[in-house]
There are 2 protein chains.
Amino acid sequence: MPPRRRQSVTIRHVAADAGVSLQTVSRVINKEPNVRPEMMERVQASIARLGYVPSIAAQRMGGSRSYLIVALNDRERTIADWRNRQGTDWVDQMMLGGMLTCAEHGYRLIVELVDTHSDHIERELLAAIAALQPDGVILTPPHSENPLINGLLEAQGISFARIGSLKPGPGFALSLDDEGAARQATDHLIALGHRRIGFIAGPDEYELSGWRVAGWRASMAAAELACESLLAQGDFSFASARAAASALFDGDVAPTAIIASNDQMALATLELARERGFSVPRDLSLVSFDDTPIVRFVHPPLTAVVQPIAAVTARAVELIIAEQAGQDVPSVPVITPAQLAIRASTAPPREDKRTDMR
Amino acid sequence: MPPRRRQSVTIRHVAADAGVSLQTVSRVINKEPNVRPEMMERVQASIARLGYVPSIAAQRMGGSRSYLIVALNDRERTIADWRNRQGTDWVDQMMLGGMLTCAEHGYRLIVELVDTHSDHIERELLAAIAALQPDGVILTPPHSENPLINGLLEAQGISFARIGSLKPGPGFALSLDDEGAARQATDHLIALGHRRIGFIAGPDEYELSGWRVAGWRASMAAAELACESLLAQGDFSFASARAAASALFDGDVAPTAIIASNDQMALATLELARERGFSVPRDLSLVSFDDTPIVRFVHPPLTAVVQPIAAVTARAVELIIAEQAGQDVPSVPVITPAQLAIRASTAPPREDKRTDMR
DNA sequence: ATGAAAGCGCTAACAG
DNA sequence: CTGTTAGCGCTTTCAT
């Protein structure tokens, strides 16, 4: 049984050491105004000498911030990703962006998992809030636009960020530029000389599915290329994409390139292409969305749209902290551009008889 | 500026609702004895009805636990892994084991990064402790046996676990069974019919390097096989392993199988084998250590020793919580067996003229 | 510009 | 077995 531990050096020690009141020390810690420079210096010297660091528990108890930001992720999906060990690094990228940004401001990021589908999601969230009293919450898909969660957080008066959402409303909307990313991918293929570029869309439940399709359509239209018979739909799963790719291959206009709306679907397309004797990228160019680590290790490594999850999460943290500090924060969605990582799965199309010449 | 938030339902509300004193509620929350079953029930009913969840900040202030466990990782290495996006999932596996186990007991896991090489590592750790007041700390290599950290934690009276360490001393030592794992890998190859099994060791700075070599030696000896000219050493880096594998290939006894002490070194060996025209596993069987996701996606997928990081971290959390609760905890190192994932990189050796027949 | 007082939600130590 | 009291370390009032 460990001994009852107490803070070794408290604000009281600092106050005594500097010969000022607790209040003055508190003011210095919180960078509040109305402290003479010399006082401030004296206090800071004491703080440094004593190695004083405020207890966040006490700070929270005193009625101020908790310096805690909760990153809410879907339990089922996150655990499955961890268990599968397929290299999905969504959480890592969130930590990379979120933790480091938190650390810069003296905050901590705590990852919490909640059941999306559960009807006690409300209870789970409230429990986390009651226990942790976080200063902010970062929502990720599929929670970002959950009205229950959104309403609850708003009612509790907690700042929160919605990653992957463009909707106005309470909380900050932060999204990757899905449409722009799809355009970039399409333009890349067009520049390589492709004219029949297929697209495997994601499910309609996800708004971003539509954005990605829109980007592809826009690029195709700009290049005066037809989209007819070049669009198929999957549900982000490997199996669904095999069917979708199959439909594309067997369709009226065999594509020379395919863009898949996520990695799993791109891998399925790659597999199917192989089975049909198509060599990638010689017979078929392939572009993937998400750029999880795995697409770098398949053969050939896939050209992919990189999701800047770390950057978006970092921004989310900054917004939350800025709002805490009473600073002005933008009320429009924050859109972060995506990048295209060009690898070995895209190349100019092979010359063939079907190349139309107008 | 968000409004000053307060706990919506506190222990006081529960006490009033149940018509008992604060203390009784506290006792129920903490499962302390000396509460009549009927009282307990009444209090629990109120807790459920009001949706009460204790504030960990307040609990900590009251002088009890903080319900926080810090997982200390090396900053440089962790950030590099996140940035590289090579699929390294050490942190994820820690969270899988650590977070879930924490959650079962009402604890939270907070990941903290500190600079190993920095001389202010002491200050960093003390700051984290002062701010968070964690109930426990989980150390990972290369911190596990850092005397400064060990001493500091002991002095602070904080329970801590040392992952990847077998040393006695303050804190719980938890390790994977490196020697056993190496034996398993070697035995697997011997069972396949290999007799000339090479081993690429890790650097001496890591104790586990020695354990792994010992396991290989033991298995070889048990099968009456010679180790002569079959041991090479690297430093866990890709480059070092190319040299090591090269030495093995060019040595007196060309191995028909090689065990590399980590994934990077296995990949280097694979690459070199390819360059020399050896087909894996036809001409050379290959076993890797660590089993990061990447080895599943190379061709052929590598047979590998799986590091049960999640299981070990889960155990670490359990030990810390048990000690907190005043329960008896083992004082001997906790060794978790490793598993061998058999994939396509190992096969029986090809018949060749050099097969000795005694 | 500084200080003194009160209280945050909870638990430990003591009473009954 | 149960209730009362006194803090924990900090931040808010409100004085000065």
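In this text the structure is predicted, and so the values were computed from the model without any measurement. A note on names: the letters A, B, ... follow the listed sequences, proteins ahead of strands, and every chain is numbered from 1.
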For the side chain of A/M39, starting at C-beta, report the closest nucleotide among D/dG9, C/dT2, C/dC10.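 Shortest atom-to-atom distance from the side chain points to C/dT2.
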Taking [atom1] from [X] and [atom2] from [N], how many angstroms apart are they, rounded to a whole number?
{"X": "A/E32", "N": "D/dT12", "atom1": "CD", "atom2": "P", "value": "6 Å"}
{"X": "A/L22", "N": "C/dG7", "atom1": "CG", "atom2": "C1'", "value": "14 Å"}
{"X": "A/K31", "N": "C/dA1", "atom1": "NZ", "atom2": "P", "value": "19 Å"}
{"X": "A/I29", "N": "D/dG9", "atom1": "CD1", "atom2": "P", "value": "13 Å"}
{"X": "A/I11", "N": "C/dG3", "atom1": "CD1", "atom2": "P", "value": "12 Å"}
{"X": "B/R12", "N": "C/dC8", "atom1": "CZ", "atom2": "P", "value": "6 Å"}
{"X": "A/M61", "N": "D/dC10", "atom1": "CE", "atom2": "P", "value": "13 Å"}
{"X": "A/R65", "N": "D/dC10", "atom1": "CZ", "atom2": "C1'", "value": "13 Å"}

For [N], take OP1 and OP2 only and decide whether either is under 4.0 Å from a side-chain N or O of [X].
{"X": "B/S21", "N": "D/dT4", "result": "no"}
{"X": "A/S55", "N": "D/dC8", "result": "no"}
{"X": "A/R60", "N": "C/dC8", "result": "no"}
{"X": "B/Y67", "N": "C/dC10", "result": "no"}
{"X": "B/T24", "N": "D/dG3", "result": "yes"}

What's A/Q23 touching, base or sugar-phosphate or nothing? Going by heavy atoms closer than 4.0 Å. base
Using a cut-off of 4.0 Å on non-hydrogen atoms, how would the nucleic acid contact of B/P54 be classed: base, sugar-phosphate, or nothing? sugar-phosphate
Need to verify one output field. Residue with the more 5' nearest nucleotide on DNA chain D, A/N30 or B/V35? B/V35
Please compare A/Q59 and B/V20 by the position of their nearest nucleotide in DNA chain D and report the one closer to 5'.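 It is B/V20 whose nearest nucleotide is closer to the 5' end.
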Strictly below 4.0 Å, N to O, side chains only: are A/D135 and A/R65 in salt-bridge contact?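 So A/D135 does not pair with A/R65 through a salt bridge.
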Is B/E112 salt-bridged to B/R75, cutoff N-O under 4.0 Å? no
Reported CD1-to-SG distance for the pair B/I138 and B/C102, which is rounded to 0.5 angstrom: 6.5 Å
Side-chain heavy atoms of A/R315 within contact of A/T101, under 4.5 Å: no
Have a look at B/L153 and tell me which of B/N146, B/L125, B/L72 forms a side chain to side chain contact (heavy atoms under 4.5 Å, CB included) with it.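 Output: one option passes, namely B/L125.
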Ignoring hydrogens and angles, are the base of D/dG3 and the side chain of B/R27 linked by a donor-acceptor pair under 3.5 Å?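 Side chain to base: pair found, below 3.5 Å.
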